[in-house]
Student: 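This structure is in structure tokens; I'll ask about it shortly.
All of these numbers come straight from a predicted model, not from anything done at the bench. Remember, it's 1-based here, ligands and their atoms both numbered in the order they're listed. The basis for the numbers below is simple: all heavy atoms, side chains too, and nothing from hydrogens, waters or symmetry mates.
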Amino acid sequence: MNSFDPTAADRFTFGLWTVGNSGRDPFGEPVRARISPIEIVAKLAECGAHGVNLHDDDLVPPGSSAAQRDAIVAAFKKALADHGLVVPMATVNLFTHPIFKDGAFTANDPTVRAFALQKTMGAIELGVDLGAKIFVFWGGREGCETDACRDPRTAIVRMRESLDWLCDWTRDRGFDLKFALEAKPNEPRGDLYLPTTGHMLHFITTLAHPEMVGVNPEVAHETMAGLSFVHGVAQAMEAKKLFHVDLNAQRIGRFDQDLRFGSEDLRQAFLLVRLLEGTGGGVKYDGPLHFDAHAYRTEDDAGVWEFARGCMRTYKILAERARAFDADREVAALIAEQRSTVIDPLLAGYSRPKATLLRALSIDAAAQAQRGLRYERLDQLMIEHLLGVR
Ligand code: GLT
Ligand code: MN
Ligand code: MN
């Protein structure tokens with residue numbers, strides 16, 4: 001074992017649906033046989049993961065009787081205990097069943113919305129039973145192909161009604177659970193409502209219990225829209241709303257690829273790990289590090305576990321590279337921002353005397369504009385750390 005091999009202390013988690021992905025896509029049938037949840041638990045523990053997350057339907061097949069459900073859950077709990085794995089997060093599948101073809105919480109038909117709430121309450125109970133402290137909402141069908149079908153404002157109102165309802169119900173049941181909202185710009189719907197982490201962060205401020213609700217940003221989702229994932233995560237952290245994070249890799253302009261963490265855009269992956277680990281300063285993220293990704297369709301079962309180990313090792317290698325980067329004196333000197341004991345205090349917090357002083361400041365804009373900021377050197381140093389030559 002070397003220092004990049006994962007251990008439970010690293011807080012790495014995978015979903016049953018991730019390592020359990022059978023390689024089915026819109027153009028092709030599965031290429032791998034189903035791996036049972038119990039086998040997944042054993043294998044993840046062997047690979048050094050800390051936890052496993054699930055949708056209600058990943059563990060308990062829809063249509064199971066209460067007795068079947070209880071037997072499945074008991075066997076799963078035993079496997080968790082035998083292998084020392086935990087379930088930090090649970091979620092609900094509100095996208096596979098055809099009833100959700102027009103959405104779940106935002107569907108026009110109130111019967112569908114009622115079914116979505118019923119299903120979510122069952123999934124919350126299952127998650128709490130397994131010890132989950134975070135419940136993720138990914139509204140895969142909460143969108144449309146034609147905006148003629150529904151006023152998009154109505155969709156937002158329905159989303160709020162559903163989340164408020166579920167927050168109140170969760171409180172009423174006395175569950176110790178937080179909600180994390182996951183944004184995605186499109187796919188499977190033409191457009192999804194609340195398409196980015198920023199949209200979600202504002203939406204949360206309009207809820208009845210905003211303190212219960214945060215975000216679960218996913219690398220692939222922000223990147224699909226061509227946005228900076230690092231900026232989205234940073235905004236969530238600054239707002240103390242990063243409750244969970246979905247790590248994977250993605251190329252801009254493609255379908256949701258959910259690739260092995262760090263396998264595309266290493267530079268963004270490095271900056272993300274640096275942000276989460278706080279090596280450059282600021283508060284470190286201490287929640288679960290979840291890989292919402294799956295192995296290439298070319299792989300057999302051995303390739304799946306190779307994929308899982310790869311996600312975790314790359315995260316740890318990048319964390320080590322980030323520490324080295326931020327411990328580099330030349331880097332620190334280049335990053336040190338300019339400070340002024342005269343100007344800085346004028347800019348923070350308005351007062352009339354400050355406004356007078358600020359307006360009277362003599363600033364040589366031309367001289368200021370001519371200063372080179374040496375970010376080329378800084379970025380090259382980052383690349384050299386990333387490439388392991390410094
Ligand atoms: C689905 C989706 C993910 C979500 C999962 C949780 S399900 O795989 O693509 O981004 O996080 O519902
Ligand atoms: Mn996700
Ligand atoms: Mn995805």
Side-chain angles (χ1 to χ4, degrees), residues 12-26 30 40 51-59 62 87-97 100 103-105 116 119-120 122-124 126-127 132 134-143 162-163 166 179-189 192-197 200 214-227 229 232-233 236 242-265 268-269 272 287-297 307 311:
F12 293 135
T13 65
F14 289 83
L16 285 180
W17 72 94
T18 64
V19 284
N21 181 288
S22 63
R24 175 194 234 137
D25 72 15
I40 290 178
V52 61
N53 302 322
L54 46 93
H55 297 88
D56 46 355
D57 301 347
D58 299 339
L59 182 63
V87 176
M89 177 271 262
T91 182
V92 57
N93 183 327
L94 297 179
F95 42 88
T96 299
H97 194 291
F100 299 125
F105 298 148
K119 192 169 191 298
T120 305
I124 289 177
L126 173 66
I134 299 158
F135 195 87
V136 162
F137 288 92
W138 173 65
R141 300 280 172 197
E142 312 292 11
S162 301
L163 282 162
L166 289 163
F179 293 170
L181 311 184
E182 179 175 343
K184 187 172 179 182
N186 58 274
E187 197 198 290
R189 303 306 296 270
L192 295 176
Y193 302 119
L194 301 166
T196 70
T197 298
M200 287 298 186
V215 290
N216 176 40
E218 174 174 316
V219 175
H221 298 179
E222 241 63 33
T223 308
M224 283 167 73
L227 300 175
F229 186 65
V233 168
L242 189 67
F243 287 6
H244 198 265
V245 66
D246 276 5
L247 303 171
N248 54 25
Q250 172 78 25
R251 289 177 65 183
I252 289 179
R254 313 259 158 140
F255 62 94
D256 185 20
Q257 293 177 295
D258 293 337
L259 298 166
R260 187 180 77 258
F261 180 64
S263 63
E264 294 288 349
D265 204 343
Q268 281 294 307
L272 173 64
L289 293 163
H290 175 67
F291 296 105
D292 188 8
H294 50 74
Y296 300 142
R297 192 165 183 268
F307 145 87
C311 287

Student: Drop me the distance from D265's CG to R251's CZ, to the nearest 0.5 angstrom.
Tutor: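 D265 atom CG to R251 atom CZ measures 10.0 Å (nearest 0.5 Å).
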Student: By atom name, which N, O or S atom of E182 is the nearest to the Mn ion (ligand 2)?
Tutor: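 Result for E182 and the Mn ion (ligand 2): OE2.
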Student: Near ligand 1, which protein residues have a heavy atom under 4.0 Å away?
Tutor: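 Lining ligand 1: W17, H55, T91, F95, W138, E182, E218, H221, D246, D256, D292.
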Student: Grab the two heavy atoms, one from R254 and one from M224, that are nearest each other, plus how far apart they are.
Tutor: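 In this case the closest contact between R254 and M224 is O-CG, 3.8 Å.
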Student: Who passes side-chain hydrogen bond (donor to acceptor under 3.5 Å, both in side chains) against D292, sequence neighbours left out?
Tutor: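 With neighbours one apart ignored, the set is W17.
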Student: Would you please name every residue forming a side-chain hydrogen bond (donor to acceptor under 3.5 Å, both in side chains) with D256, sequence neighbours left out?
Tutor: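 Listed in chain order: K184, H221.
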Student: For residues A183 and T197, report the shortest heavy-atom separation together with the two atoms involved.
Tutor: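 Of all heavy-atom pairs spanning A183 and T197, the closest is CB-N, 3.6 Å.
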Student: Give the minimum heavy-atom separation between I134 and F243, together with the two atoms involved.
Tutor: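 Distance-wise, the nearest heavy atoms are CD1-O, 3.3 Å.
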Student: Would you compute the distance between atom CG of N216 and atom NE2 of H244 and round it to the nearest 0.5 angstrom?
Tutor: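 One finds 5.5 Å between CG of N216 and NE2 of H244.
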Student: Assert yes or no for the condition that the ring centre distance of Y296 to F307 is strictly below 6.0 Å.
Tutor: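 Y296 vs F307: aromatic centres not under 6.0 Å.
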Student: At distances under 2.8 Å, what protein N, O or S atoms surround the Mn ion (ligand 3)?
Tutor: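 Sorted hits: E218 OE2, H221 NE2, D256 OD1, D256 OD2, D258 OD1.
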Student: Are side-chain N/O atoms of H55 and N93 paired as donor and acceptor at under 3.5 Å?
Tutor: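 On atom types as modelled, these side chains do not qualify, holding no pair under 3.5 Å.
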Student: May I ask you to check whether F291 and F14 place their ring centres under 6.0 Å from each other?
Tutor: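 Ring centres of F291 and F14 closer than 6.0 Å.
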